[in-house]
Peer 1: 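My structure is below; once you've seen it, I'll send some questions.
Since this is a predicted model, take the numbers as computed values, not measurements. Read the numbers this way: they start at 1 and go in the same order the structure lists the ligands and their atoms.
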Amino acid sequence: MNLFIEPGSMVSIMGRSGTGKSTLLSVAGLLEPLDGGTLNFLGNDVTRLGRSAERLRRMNIAYVFQRFALFQDLSALENISTPLRHIRKRSGRSVRARSADALDLVGLSDKAHLRPSKLSGGEQQRIAIARALVCEPRLILADEPTGSLDPDTGGLIIRLLRDWARDSGASLIVVTHDHDVARQAERRYMLHGGILHLAEGSSSER
Ligand SMILES: Nc1ncnc2c1ncn2[C@@H]1O[C@H](COP(=O)(O)OP(=O)(O)OP(=O)(O)O)[C@@H](O)[C@H]1O
Ligand SMILES: [Mg+2]
């Protein structure tokens with residue numbers, strides 16, 4: 001079937017362990033090749049992953065993971081700066097300003113200089129989100145982003161991601177085992193037996 005994700009919208013994917021949800025995100029994120037079908041991203045056919053797909057990925061796609069995946073020996077602010085420095089090859093004052101803005105967006109300006117081990121799980125995930133958003137990606141892939149958090153904190157994390165997608169016009173795919181999280185999406189899918197099924201009550205496919 002077709003999976004089309006409009007700019008500014010959130011799609012959720014649920015399904016049992018081992019059904020291929022993370023694999024689907026890897027394919028959508030241009031990290032793994034398709035073994036069938038076609039893949040279009042920002043008007044480009046990226047079915048075959050070549051150098052141009054690699055560039056599209058680096059410039060436009062960001063990930064958020066269940067276990068945050070922060071660099072433990074860097075401060076919160078340095079974590080957020082990493083993609084600007086190493087992917088966008090920026091340096092100097094603009095990096096500091098953009099990173100500080102992203103930190104402010106997730107409400108943690110007062111924690112700029114703390115290492116991840118000094119932050120709660122929810123705070124670490126907010127830093128990971130700021131790091132994902134700082135390069136203004138067109139696609140955000142979140143693999144169980146609330147899986148290690150309590151329900152209230154998880155709700156805050158999903159609102160941050162969803163609001164940012166809506167405001168910036170980015171597309172957001174969230175894989176989750178949590179029905180409350182999935183319900184936040186404009187369109188909800190179940191992955192079962194290798195097939196994506198549109199959940200009842202979801203707006204229909206384009
Ligand atoms: N690189 C790989 N090479 C071969 N098989 C893989 C690879 N990555 C995942 N798999 C297999 O593909 C299947 C789907 O894995 P995947 O991680 O996508 O599941 P998932 O739906 O994300 O599960 P969970 O909810 O437990 O995270 C599993 O059987 C897994 O062992
Ligand atoms: Mg998985």
Side-chain angles (χ1 to χ4, degrees), residues 1-5 9-41 46-51 53-58 60-72 79 83 116 121-122 124-133 137-162 164-165 170-202 205:
M1 77 173 291
N2 292 321
L3 172 62
F4 176 85
I5 308 165
S9 79
M10 169 177 167
V11 160
S12 66
I13 299 174
M14 299 188 81
R16 273 199 218 134
S17 183
T19 49
K21 303 179 299 297
S22 296
T23 305
L24 178 62
L25 286 193
S26 294
V27 171
L30 314 186
L31 284 170
E32 284 190 46
L34 286 91
D35 54 15
T38 58
L39 179 61
N40 224 280
F41 181 58
V46 283
T47 305
R48 270 183 287 270
L49 299 182
R51 227 184 238 168
E54 163 71 12
R55 185 178 155 76
L56 271 176
R57 177 176 68 75
R58 286 160 53 89
N60 296 292
I61 301 177
Y63 283 84
V64 177
F65 300 98
Q66 177 176 355
R67 297 199 180 277
F68 327 131
L70 295 174
F71 302 108
Q72 295 300 316
N79 262 282
Q124 290 184 60
Q125 194 62 302
R126 282 149 76 189
I127 298 299
I129 289 173
R131 182 180 60 180
L133 305 185
R138 308 312 303 149
L139 175 63
I140 307 161
L141 302 169
D143 200 349
E144 302 187 43
T146 65
S148 306
L149 305 172
D150 68 83
D152 286 349
T153 309
L156 175 81
I157 291 299
I158 291 300
R159 279 196 300 281
L160 268 175
L161 285 169
R162 198 194 52 191
W164 194 84
S171 304
L172 170 64
I173 308 180
V174 176
V175 163
T176 183
H177 290 289
D178 182 332
H179 287 276
D180 289 336
V181 168
R183 265 194 288 275
Q184 305 295 316
E186 276 93 6
R187 200 180 295 135
R188 305 188 303 283
Y189 291 93
M190 287 290 297
L191 185 57
H192 182 66
I195 310 271
L196 277 173
H197 302 269
L198 196 60
E200 270 178 45
S202 271
E205 187 68 63

Peer 1: Take atom 14 (C) of ligand 1 and look for protein heavy atoms under 4.0 Å from it; say yes if you find one, no if not.
Peer 2: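 Given the 4.0 Å limit, the answer for atom 14 (C) of ligand 1 is yes, a protein heavy atom qualifies.
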
Peer 1: Can you report which non-hydrogen protein atom sits closest to atom 26 (O) of ligand 1, along with the distance?
Peer 2: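 Result: Ser17 OG, 2.5 Å.
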
Peer 1: Salt bridge check, Arg57 against Glu54: does any charged N sit closer than 4.0 Å to a carboxylate O?
Peer 2: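 A salt bridge is present here (some side-chain N lies under 4.0 Å from a carboxylate O).
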
Peer 1: Is the Mg ion (ligand 2) under 2.8 Å from any N, O or S atom of Ser22?
Peer 2: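 Of the N, O and S atoms in Ser22, at least one lies under 2.8 Å from the Mg ion (ligand 2), which means yes.
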
Peer 1: Testing Val64, Val11, Ile158 for side chain to side chain contact (heavy atoms under 4.5 Å, CB included) with Val174, which one passes?
Peer 2: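 The passing option is Ile158.
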
Peer 1: Using protein heavy atoms only, decide if any is under 4.0 Å from atom 31 (O) of ligand 1.
Peer 2: no

Peer 1: Going by the atom numbers of ligand 1, which of them fall below 4.0 Å from some non-hydrogen atom of His177?
Peer 2: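 Every atom of ligand 1 under 4.0 Å from some heavy atom of His177: 25 (O).
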
Peer 1: Tell me the nearest of Ser22, Gly20, Gly15 to atom 17 (O) of ligand 1, using heavy-atom distances.
Peer 2: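 Among Ser22, Gly20, Gly15, the closest heavy atom to atom 17 (O) of ligand 1 comes from Ser22.
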
Peer 1: Find all atoms of ligand 1 within a distance of less than 4.0 Å from any non-hydrogen atom belonging to Glu144, and give their numbers and elements.
Peer 2: 25 (O), 27 (O)

Peer 1: How about atom 4 (C) of ligand 1: does it have a protein heavy atom within less than 4.0 Å?
Peer 2: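 Given the 4.0 Å cut-off, atom 4 (C) of ligand 1 does not count as touching protein heavy atoms.
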
Peer 1: Nearest 0.5 Å please: distance from the CG atom of Leu133 over to the CG atom of Leu160.
Peer 2: 8.0 Å

Peer 1: To check your reading of the model: name the closest protein heavy atom to atom 25 (O) of ligand 1, its residue, and the distance in Å.
Peer 2: Lys21 NZ, 2.7 Å

Peer 1: For atom 21 (O) of ligand 1, is there a protein heavy atom at a distance under 4.0 Å?
Peer 2: yes

Peer 1: Identify the protein heavy atom lying closest to atom 23 (O) of ligand 1, giving its residue, its atom name and the separation to 0.1 Å.
Peer 2: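 Ranking protein heavy atoms by distance from atom 23 (O) of ligand 1, first comes Gly18 N, 2.8 Å.
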
Peer 1: Starting from atom 18 (O) of ligand 1, which protein heavy atom do you reach first, and at what distance in Å?
Peer 2: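 That would be Thr23 OG1, 2.6 Å.
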
Peer 1: For atom 1 (N) of ligand 1, what is the closest protein heavy atom, and at what distance to 0.1 Å?
Peer 2: Glu32 OE2, 4.9 Å

Peer 1: Mark yes when over 12 heavy atoms from residues, nucleotides or ligands other than His192 sit less than 6.0 Å from its NE2; otherwise mark no.
Peer 2: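 For His192, atom NE2 is not crowded (no more than 12 foreign heavy atoms under 6.0 Å).
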
Peer 1: When you measure from the side chain of Lys21 to the backbone N and O of Gly15, does any donor-acceptor pair fall under 3.5 Å?
Peer 2: yes

Peer 1: Between atom OG1 of Thr146 and atom CG of Leu156, what is the distance when rounded to the nearest 0.5 Å?
Peer 2: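 Output value for this atom pair is 11.5 Å.
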
Peer 1: Measuring from atom CG of Leu198 to atom CG of Leu3, what distance do you get when rounded to the nearest 0.5 angstrom?
Peer 2: 10.0 Å

